[in-house]
Structure formats: structure tokens, C-alpha cells
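First up is the structure itself, then whatever we jot down about it.
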Number of protein chains: 2
Amino acid sequence: MKRTTIVDVGRLAGVSAKTVSRVLNDEPHVSAAVKQRVRAAADALDYHPNVFAQALVRRKSHMIGLVYENPSPSYVVELQKGVLERLINERYRLVVIPIRSVQENAAEVVGLLRSAALDGVVLAPPASDHPLILNQLKEARIRCARIAPTRMIEAAPSNLVDDVAAAREIAAYVIGLGHREIAIIRGDPTHPSTEARMLGYMQAFHQAGLDLRFDRIEPGMFTFDSGLAAGRNILARADRPTAILAQNDDMAVGAMMAAREIGLSIPERLSIVGFDDSEVSRITWPRLTTVRQPVFEMAVAATEMVIAQLEDREPLARVLHHHTLLIRESAAPPHA
Amino acid sequence: MKRTTIVDVGRLAGVSAKTVSRVLNDEPHVSAAVKQRVRAAADALDYHPNVFAQALVRRKSHMIGLVYENPSPSYVVELQKGVLERLINERYRLVVIPIRSVQENAAEVVGLLRSAALDGVVLAPPASDHPLILNQLKEARIRCARIAPTRMIEAAPSNLVDDVAAAREIAAYVIGLGHREIAIIRGDPTHPSTEARMLGYMQAFHQAGLDLRFDRIEPGMFTFDSGLAAGRNILARADRPTAILAQNDDMAVGAMMAAREIGLSIPERLSIVGFDDSEVSRITWPRLTTVRQPVFEMAVAATEMVIAQLEDREPLARVLHHHTLLIRESAAPPHA
DNA sequence: CTGAAAGCGCTAACAT
DNA sequence: ATGTTAGCGCTTTCAG
């Protein structure tokens with residue numbers, strides 16, 4: 001019991017296989033009558049083209065990969081939503097490629113992508129910043145677009161954000177509220193934006209004439225749990241700060257939980273701000289003051305860049321996406 | 001400039017293409033020496049097999065789809081994590097197939113899956129409960145496994161949960177705390193578990209001799225926003241209830257927000273419980289009392305069922321997954 | 001243990 | 001406007 005092929009359809013319609021192919025691919029130079037007959041025959045036989053045969057000869061899989069580490073779930077969700085949004089009404093499909101640790105497995109990533117036969121990939125951080133991956137991708141001729149890279153911007157189409165400025169702005173806002181004792185929760189050290197955001201914070205501190213105390217910087221991993229742990233450490237100290245800058249929203253929410261555990265009210269006794277404007281920032285109470293990184297829009301734009309390349313249009317080389325300071329209720333002037 | 005093929009490798013190693021194929025696929029009857037030479041040649045040429053050619057002849061794509069609607073992001077995240085967990089160290093890849101509305105597009109879903117050339121699919125609700133989809137899948141010979149179906153359990157391997165009992169338990173718990181004025185936020189009406197959970201609530205009400213007042217039932221869509229809206233409606237009424245049962249965690253968190261908006265403290269003035277034990281239930285304050293549905297484990301098990309079928313092992317016909325009442329801090333006895 | 005031939009289902013290039 | 005021929009790169013016979 002074989003599956004029905006283009007030849008079967010041709011036989012039923014009384015035409016050659018090639019003509020069937022023409023009709024099904026909307027190629028020109030086919031008479032309306034034949035078109036009709038072929039369509040009817042294909043329907044009657046419940047014919048579905050074999051995509052492998054097509055891919056083999058066309059050298060195109062119509063699959064796009066999304067490469068990410070697994071930092072915060074909310075970030076990944078935004079990312080996927082953005083890619084899928086752009087893929088609506090396209091023939092392309094999304095294959096998700098989560099990498100355990102880009103840092104450790106960089107050498108194998110492209111092999112993985114290659115063997116997945118992807119036409120193109122959207123690279124999220126930190127893969128979007130990895131020289132080896134970028135190089136191998138070029139060698140393997142897999143099209144790509146990058147989200148929030150910080151280095152080698154020319155190497156491939158990039159969607160940029162000014163992490164430094166965004167961090168500076170939110171830090172300046174907190175300082176402007178009157179805070180002087182401020183702790184920081186860093187993100188995953190293998191992600192480039194961690195350093196960029198750190199730099200932005202430092203600039204704001206410097207402009208305000210504040211010292212950045214290294215004993216007030218806690219490590220984190222962009223996850224809720226790491227934020228919770230960092231928050232507990234910060235708040236356990238004798239000289240408790242009046243505000244916390246977290247490098248993403250998940251960690252900020254974790255720090256909020258740490259504050260709650262010891263009955264510290266937010267924002268009255270402790271101000272906390274995040275980064276990214278993930279969905280989680282909108283559903284906590286108080287809602288989180290944060291700085292919006294348009295992850296969704298970047299994912300849409302990056303996917304467009306990939307598709308453009310696949311269809312031989314010139315992709316935008318780079319797009320600068322704008323951040324926005326979102327003032328909500330989790331930060332207020334320090335308690336007198 | 002052509003890509004290197006199995007023939008090139010064979011030429012370099014001084015063997016036939018078939019022998020290269022044998023080595024690369026770990027087939028028996030190849031001498032160690034030849035094996036060595038072929039491996040070396042493949043490495044030297046940076047050879048990667050063309051998966052389309054393989055798929056064409058083997059009739060296997062090594063791609064597994066995950067079909068879901070887009071209810072709550074936290075649910076989808078758990079689902080994906082589960083599938084990906086089982087796929088670690090497997091050759092299979094995950095293709096995500098979000099469907100806008102299964103209800104409206106059921107007829108096209110299988111066509112979509114078919115043209116994506118998936119070897120198998122994991123069906124999340126409500127697709128997991130749709131007769132048409134199940135039937136067409138069988139016709140198209142696409143293997144599948146189901147998550148939380150409620151009907152036609154024999155039709156395909158199923159991962160079951162007892163939604164009715166779970167709902168009954170959490171409702172009984174709330175009633176047991178002393179609540180008598182209880183509102184309900186329903187889930188998406190096209191999802192089968194919505195009715196099941198409703199039934200469970202009703203059973204608990206009945207056992208306690210309570211009336212279920214229809215004017216205390218608010219519609220929802222399994223999203224935070226719908227929970228927020230429903231919460232506002234419920235709390236705006238003159239005869240405000242003392243507890244809210246939400247059919248998932250996202251809606252429960254939305255209802256919490258509605259309570260906060262009018263300064264109602266939880267759980268002192270209003271108890272709220274959810275359903276599912278999504279990540280969101282752990283990161284809110286107070287943490288949400290809920291009933292755990294092992295979505296992750298079901299996704300793992302469903303993926304295993306698909307893989308088993310693809311590798312000609314007999315899959316488990318059905319697995320019953322257990323729910324757990326998770327008592328956290330969002331519900332307490334009603335205020336005197 | 002190894003190789004030659006055939007063909008998976010489709011489309012590009014070239015006829016007609 | 002339609003058909004023929006020749007592969008795409010691999011694996012499955014079936015011989016040696």
C-alpha cells in the first residue's frame with residue numbers, strides 16, 4: 001500500500017507528472033482546463049506532496065530554528081511568540097533548539113543546526129554573540145538573524161537594543177527617587193547583556209556621585225530562584241539597602257518574594273525594579289517598575305530578516321529597537 | 001560548488017557509497033579498518049548527511065510536533081519543557097504547532113501536520129479531545145499521544161488526569177475552611193477540562209449542601225487578563241463572595257490583581273485558589289493554593305508514547321497521572 | 001564483509 | 001502549453 005504520488009495524480013488527470021507539479025506550484029503556462037482537472041484529481045486522491053522529495057531537489061526545508069538558552073521562561077515565551085507571529089501565513093515552520101549551555105557546547109551547536117536541516121535560524125542571546133557559532137553558520141551557509149548582540153554587529157543582521165542606556169535610565173530613576181543604598185542582582189555571566197546592564201548602572205551611579213559597592217552586587221542567573229536567593233542574601237545583611245536593581249524581571253520577582261518572607265513591604269520599605277517587561281512584571285503586586293526591551297518585536301524583526309534572506313531579498317543589516325522606562329508601583333522614595 | 005556527499009566520502013576512503021552508509025549508520029558487517037577509514041574521510045570532508053535524502057528513502061523525518069492552542073503561557077512552557085526533556089539525547093526534533101482556535105480550524109489541522117511531515121505529534125487540549133483530528137491523524141498514519149483527553153480514551157495513547165476529582169478536592173478544601181459564599185471563574189469553554197472542573201466543583205458543593213449560584217460563575221479564557229476581568233466583575237457586586245475558585249493559575253493571579261486594586265487583602269478578606277501548579281503560582285505573593293496537574297510529566301510521558309510507536313515498541317495505552325492539592329497561602333478561613 | 005543497481009518522489013532543464 | 005530526461009543524496013535490495 002503505497003502513498004499516492006504526483007504520478008498517480010497525473011495518471012488520473014491524464015497529464016504528465018511535470019504538469020501536475022506545475023499546477024500545484026502555481027507555475028505559469030498551464031491551461032485553465034488542465035489546472036482544473038489536476039486539482040480535482042489531487043483532491044480525489046487526497047494527494048499531499050512529499051516534502052522530503054521537494055526539499056531534496058529544491059534544497060529548502062522551510063524550517064526555521066530558534067536557538068536559545070533557557071534563562072527565564074517569560075523571555076522564551078516572548079521570543080517564540082514573536083517568531084510565530086511572523087510565520088503566520090508563511091510556509092515556514094518553527095523548530096525550537098534549546099541549548100543547555102551555549103558557553104559549554106558552542107562547538108556542537110552548528111552541527112546540531114546543520115543536521116536539523118534548517119534553512120535559517122534566529123539567534124537569541126547568548127548564542128547571538130558567539131563568534132564560533134556565527135562563523136560556522138556562515139560556513140554552513142545557514143542564514144541567520146540575531147537578537148540583542150553586543151559584538152561584531154556587522155557579522156550578521158542584528159536587532160539591537162541599547163542595554164547600557166536602558167540600565168542607566170532605570171538606575172537613574174531609582175537614584176532620582178532618593179535612594180543611595182542600592183543593591184544589584186546580576187544576570188547570567190555568560191550572557192553579554194549582563195555586563196552591558198552592569199555598565200549602565202555604573203554610569204548612573206557615577207553621574208550621581210554614588211559609589212558602587214562591590215559587596216552589594218549579588219550574582220544571579222536570570223531565574224526566579226536565583227533572584228530569590230540573591231534577595232535573601234542582600235536582605236540578610238546588617239546594612240540593608242533601600243532599593244534593588246535586578247537585571248531581569250524574573251529575578252526582581254524573586255527578590256520581591258525574599259522581601260515578603262521577612263515582612264518588608266514594597267515599595268514602602270524596599271524598592272525593586274526589574275528589566276525586560278516580561279509578562280511576569282505585569283502580574284505581580286505591586287506591578288514591577290522595569291525597562292521594556294521589545295523582545296517580541298525583535299523576534300518578529302529577526303524572523304523577517306531570516307525570511308528575507310531565504311527569499312533573496314536584502315535583509316535589513318540592523319535595526320535598533322527602543323527601550324522604554326515603565327514606571328509602575330514597585331519603586332518609591334525611600335522611607336524616611 | 002556542490003556539497004559533499006556520501007560518494008565523495010567513499011571515494012576518499014576508497015570504498016563504495018553503500019559502505020559509507022553502513023559505517024555511518026552503525027550497521028554490522030563492516031571491518032574495523034574500513035570503519036576507521038570512512039570515519040576519518042567523513043571528518044576530513046566535514047561531511048554531514050542530507051537528512052532529506054534520508055527521510056525520502058526511510059520515510060521518517062525525525063520530527064515530532066507539539067499541537068496546542070495558546071491558553072496560558074505557563075502551561076505551554078511546561079508542555080514544551082516536558083517534550084524537550086524526553087527528546088534529550090534523541091534524534092528527534094520538536095516542531096511547535098500553535099493553533100489559533102482548534103474549535104474553528106480542526107478541519108485544517110491535520111493537513112498542516114501532514115504537510116509538515118511530522119513523524120508523530122503530542123496533542124495538548126483541546127486538540128487532544130477532537131474526534132475529527134484524531135480520525136484524520138489515524139488515516140494519515142501520523143502517530144500521536146494525547147494529553148488530558150476526556151473522551152474516546154481508547155482512540156489513541158492517553159495521559160489522563162482526574163480533573164473532576166482534583167476540582168472536587170480543591171473546592172472541598174475551600175469549603176472546609178468555612179467559606180460559603182464562593183465564586184467561580186471558568187476556563188475556555190472549548191477546552192474539555194473546563195466542564196470537568198466545573199463538575200468537580202459542583203460535586204463538592206453538593207456534598208457540603210451548598211447551592212451553586214449561577215450568578216457567581218464568571219466566564220474566563222485561561223488567561224491572566226480574563227481572570228482580572230472576571231475578578232473585577234465578581235468583586236464589584238454587592239454580595240461579594242469570600243472565596244474564588246479559578247480554573248487555572250493564570251486566572252487566579254488575575255483575580256488576585258483585581259482584589260488588590262480595591263485594597264482587599266488575600267487571604268484575610270478574600271481567598272483565591274487556582275489550578276495546575278504553573279510556575280506563576282509559586283512566584284506570586286501570597287503563593288497560590290492550587291491543585292497540581294503534572295503537565296510536565298504528562299508531556300514527557302506523551303512524548304515517550306510517540307517515540308515508542310515510531311520505534312515499533314508498544315506504547316502504554318494510557319497512564320493516569322496523579323494530582324496533588326498544594327496548600328499554600330492564598331486561602332484561609334473567611335474573615336469573621 | 002563489500003559493491004552495483006534501482007528507486008524513494010519530486011523538480012530543473014530541456015525538448016516538443 | 002505540455003512532456004521527457006536526468007538527477008537531488010541516500011538506502012534498500014540483491015549479488016558477489
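Note that the structure is predicted; figures quoted are calculated from it, not measured. Below, chains carry the letters A, B, ... as their sequence lines are ordered, and counting in each starts from 1.
Within a heavy-atom distance below 4.0 Å of DNA chain D, the residues of residues 32-43 of chain A found are Val34(A). Contact check of residues 7-30 of chain A against DNA chain D (heavy atom, cut-off under 4.0 Å) returns Val15(A), Ser16(A), Lys18(A), Thr19(A), Arg22(A), His29(A), Val30(A).
Taking only side-chain nitrogens and oxygens, Thr5(A) never comes nearer than 4.0 Å to OP1 or OP2 of dC8(C). Dashed line: the shortest gap from a side-chain N or O of Gln54(B) to OP1 or OP2 of dT11(D) is under 4.0 Å.
Arg100(A) pairs by the salt bridge (Lys or Arg N to Asp or Glu O under 4.0 Å) definition with nothing, not counting sequence neighbours.
If you take CZ of Arg58(B) and C1' of dG9(D), they are 12 Å apart, rounded to a whole angstrom. Distance, Leu56(B) CG to dG7(D) P: 17 Å, rounded to whole Å. When rounded to the nearest whole Å, the span between CD1 of Ile6(A) and P of dG9(C) equals 11 Å. For the pair Lys60(B) NZ and dG9(D) P, the interatomic distance rounds to 23 Å; values are reported in whole Å. The CG atom of Asn50(B) sits 13 Å away from the C1' atom of dT11(D) (whole-angstrom rounding). Whole-Å rounding puts the Phe52(A) CZ to dG9(C) C1' distance at 11 Å.
Applying the ring-ring contact (aromatic ring centres under 6.0 Å, His included) definition to pairs two or more places apart or across chains, none involves residues 99-158 of chain A. Evaluation of the salt bridge (charged side-chain N to carboxylate O under 4.0 Å, His left out) test over residues 125-138 of chain B, restricted to residues two or more places apart or in two chains, returns Asp129(B)-Arg146(B), Asp129(B)-Arg151(B). Each ring-ring contact (aromatic ring centres under 6.0 Å, His included) pair with one or both residues in residues 72-95 of chain B, not counting sequence neighbours, appears once here: His62(B)-Tyr92(B).
Atom CD of Gln36(A) is surrounded by 12 or fewer heavy atoms from other residues, nucleotides or ligands within 6.0 Å.
In the model, Glu314(B) has no side-chain atom that pairs as donor or acceptor with a side-chain atom of Gln309(B) under 3.5 Å.
Proximity of a side-chain donor or acceptor of Asn159(B) to a complementary backbone N or O of Val319(B) within less than 3.5 Å is not detected. Between the side chain of Arg37(B) and the backbone N or O of Ala13(B), at least one donor-acceptor pair lies under 3.5 Å.
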### Query
After noting the C-alpha distance and the side-chain angles of Lys81(A) and Glu279(A), does the key distance pass the salt bridge (Lys or Arg N to Asp or Glu O under 4.0 Å) rule?
CA-CA 12 Å; Lys81(A) 273 200 206 158; Glu279(A) 185 182 29; 5.7 Å; no
